[in-house]
Number of protein chains: 2
Amino acid sequence: MTDGADGGATVAKTPTSADVAREAGVSQSTVSYVMSGKRPISPETRRRVQDAIDRLTYEPHAGARALAGHRTSTIAVVVPVNPESGAQRLMMFVEEILLAARRRDHDVLLVTADEGPAGLRRVAGRSLCDAVVVMEVGTRDDRVDVARGLPLPVVFIGIPDDAAGLDCLDFDFEAAGRLLVAELAGLGHRTVDVLGWRPAVAAQGINYVPRFERGARAAAEERDVELRWHRPSGEPDVRRVVDGVLASGDVPGLVLAAAVPETLRVLADRGRLPGRDIDVVGLALDAEAEPYGLTATSPQPRDVSRRVMERVFALLDGAAPRGREHELVPAVLVRRASTHSARAVG
Amino acid sequence: MTDGADGGATVAKTPTSADVAREAGVSQSTVSYVMSGKRPISPETRRRVQDAIDRLTYEPHAGARALAGHRTSTIAVVVPVNPESGAQRLMMFVEEILLAARRRDHDVLLVTADEGPAGLRRVAGRSLCDAVVVMEVGTRDDRVDVARGLPLPVVFIGIPDDAAGLDCLDFDFEAAGRLLVAELAGLGHRTVDVLGWRPAVAAQGINYVPRFERGARAAAEERDVELRWHRPSGEPDVRRVVDGVLASGDVPGLVLAAAVPETLRVLADRGRLPGRDIDVVGLALDAEAEPYGLTATSPQPRDVSRRVMERVFALLDGAAPRGREHELVPAVLVRRASTHSARAVG
DNA sequence: CTGAAAGCGCTTACAG
DNA sequence: CTGAAAGCGCTTACAG
């Protein structure tokens with residue numbers, strides 16, 4: 001790493017766009033326009049500038065760019081600290097957000113949910129990002145009001161009770177609840193056991209819990225099915241409940257809103273085969289269902305994230321001008337493999 | 001949200017430090033110094049400025065600050081895309097990094113490992129961060145060479161083969177391997193089964209695999225113990241291996257480098273009690289060991305993260321001037337509860 | 001203890 | 001198709 005050229009003990013200062021301009025024999029504004037593509041550049045000029053950029057391994061200073069351009073090219077993501085739906089699920093959401101951001105040459109800033117509404121104010125007020133994605137929203141969430149007043153797009157993954165004027169996007173948990181119960185009703189079950197989220201989760205007021213329950217209850221009423229709710233609070237509890245269910249009927253019908261891996265493990269342990277000894281449907285990750293020969297189809301967390309990021313960039317591009325009404329990603333089922341083909345719900 | 005005051009349809013522009021200065025009747029530099037604490041300010045002035053800040057809900061523009069101050073107050077963290085050691089572990093590392101960063105009023109930028117060495121160049125070149133933390137480093141990792149040439153601190157969680165001149169920090173996996181084997185040898189085991197990482201992980205060249213194996217092998221040789229390595233590639237495989245181990249002796253000795261939850265589940269299923277029917281020691285998260293009445297003590301991922309962030313800030317503060325030699329966080333054991341008291345290894 | 005001013009490295013009207 | 005220059009909102013010598 002010797003630097004000859006301008007014979008002196010020059011320290012390798014990181015190059016600026018002025019350096020690139022000089023090297024290419026053009027003005028600084030031309031360098032900027034070559035990089036942004038915001039005005040026509042002659043091929044010859046473009047080449048010279050690009051060469052200079054490569055030769056100097058120039059990278060634009062993000063802060064300077066943000067200051068002058070009023071855009072940070074950064075998306076902030078508010079993540080739950082102790083994710084109730086599991087670290088794996090959380091990472092799937094985040095991973096796809098990261099990839100989608102990078103595809104548009106954006107970066108991702110992580111913010112912990114424990115900063116609460118103040119966190120939103122901070123990242124917006126300091127111009128740390130161009131948009132915010134908020135995960136694990138509550139049925140009543142203080143961040144919602146702050147979001148409404150923020151001068152930048154905020155997209156929620158999840159739907160609070162009062163979603164008016166908000167950009168929300170999520171699985172359609174209500175449709176999911178309805179569909180899963182209807183599915184078992186269709187198979188002739190008059191009684192259906194439901195494994196819901198742990199009491200701790202429900203108590204925390206996470207938005208999807210009541211949404212799912214509403215759908216399931218509606219379908220049960222409609223189809224005249226009796227629902228037996230269980231809210232096991234840990235693996236041993238799940239095993240107890242599942243054993244109870246197995247003992248309760250010939251071929252019981254079970255809906256899994258949560259506790260998918262634990263349930264599938266117990267069933268495997270007991271030698272009970274979904275689709276033969278018990279009818280099981282539920283919300284699952286691909287990775288959870290597949291090892292047991294079950295089928296989980298799209299959408300998965302990454303599908304939600306993808307839609308969320310599409311929405312984020314649409315808002316940033318001004319391509320979704322009136323935005324703000326909420327969309328739903330269809331819910332998904334796990335089904336007994338082969339017997340039924342898995343399909344998504346619209 | 002009406003804005004009277006200067007009677008006009010003024011849009012609520014986000015306030016700048018110049019606005020604060022005017023409001024407080026001081027100069028802009030004084031506002032800056034009040035915020036940074038870099039020079040003495042009279043109590044009276046400080047109060048007036050602070051009031052103005054509060055009244056205007058002023059937040060400094062991060063980009064402007066980075067540009068003028070040559071510091072971004074941001075730490076970049078490079079995370080693996082498909083974390084081999086699990087999403088839960090990963091999130092524990094990240095969570096503590098986030099919290100430690102916020103305690104120092106810093107933010108965290110997430111970078112995916114699939115950007116490779118270019119990702120390091122990018123975040124450094126664009127001045128997106130003041131320091132970088134790299135997770136899941138390989139035994140031979142191209143990011144290592146890039147890191148050496150970077151004008152900002154890079155701290156690795158994990159130790160590559162060539163760690164010369166690097167800031168690395170990690171569990172002491174070699175000591176752990178040595179200690180776990182020695183522990184079982186001390187209990188009289190002449191043969192010890194080891195559950196290692198999946199072949200896929202080992203093939204990927206993750207740094208801690210050979211480190212652990214080296215330690216375990218050394219202790220086995222020293223204590224004249226026979227090691228039987230297993231590298232199960234999934235839960236069913238783990239069950240098979242564990243069943244084999246259970247059948248192999250009266251009270252077998254088992255070391256868990258990986259697959260802790262799966263193993264503890266099988267043992268529970270089989271009604272085999274650690275400490276009575278089998279001697280089990282290994283590397284575990286608190287959350288993995290506790291439900292089975294076993295004891296995992298510090299250090300946990302959060303302890304490593306904490307040390308990593310201490311190191312990051314020490315480097316940023318110039319408090320670790322010659323830095324660069326690597327430190328190890330002591331390794332941890334899970335033990336049979338009550339029988340042994342868990343202790344950390346120095 | 002405080003202020004006036006230069007300057008950080010970009011982007012974007014304005015001009016040609 | 002390209003350039004000269006103002007300005008984004010801070011921090012930090014420099015001066016007093």
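Every chain is numbered from 1, with letters handed out A, B, ... down the list of sequences. The figures here come from the full heavy-atom set of this structure, side chains too, leaving out hydrogens, waters and symmetry mates.
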Revision key, fill the gap. With sequence neighbours left out, the residues meeting salt bridge (Lys or Arg N to Asp or Glu O under 4.0 Å) with A:Glu23 are A:Arg55

Check your understanding: Where the side chain of A:Arg148 meets the backbone of A:Ala164, is there a donor-acceptor pair that is under 3.5 Å apart?
Key -> yes

Check your understanding: So, are B:Arg103 and B:Glu310 salt-bridged, with charged N and O less than 4.0 Å apart?
Key -> no

Revision key, fill the gap. Which of A:His61, A:Gln28, A:Arg22 passes side-chain hydrogen bond (donor to acceptor under 3.5 Å, both in side chains) with A:Ser17? It is A:Gln28

Point to revise | DNA chain D base-pair string [pairs: Watson-Crick or G-U under 3.5 Å; |: paired with another strand] | key: |||.||||||||.|||

Point to revise | Residues which pass salt bridge (Lys or Arg N to Asp or Glu O under 4.0 Å) with A:Arg65, listed by chain and number, not counting sequence neighbours | key: none

Check your understanding: With a 4.0 Å cut-off, would you call B:Arg48 and B:Asp51 a salt bridge?
Key -> no

Review point. Which residue pairs pass the ring pair (Phe, Tyr, Trp, His ring centres under 6.0 Å) test with at least one member in residues 102-128 of chain B, sequence neighbours excluded?
Key: B:His106-B:Phe313

Point to revise | Annotated protein contacts, base or backbone, on nucleotides 7-14 of chain D with a non-hydrogen cut-off under 4.0 Å, one of B, S, - each | key: BBBBBBBB

**Study point:** d(CZ, B:Arg22; P, C:dA4) in whole Å
**Key:** 13 Å

Exercise for review: Could I get the full list of salt bridge (Lys or Arg N to Asp or Glu O under 4.0 Å) partners for A:Arg122, not counting sequence neighbours?
Suggested key: A:Glu115, B:Asp107

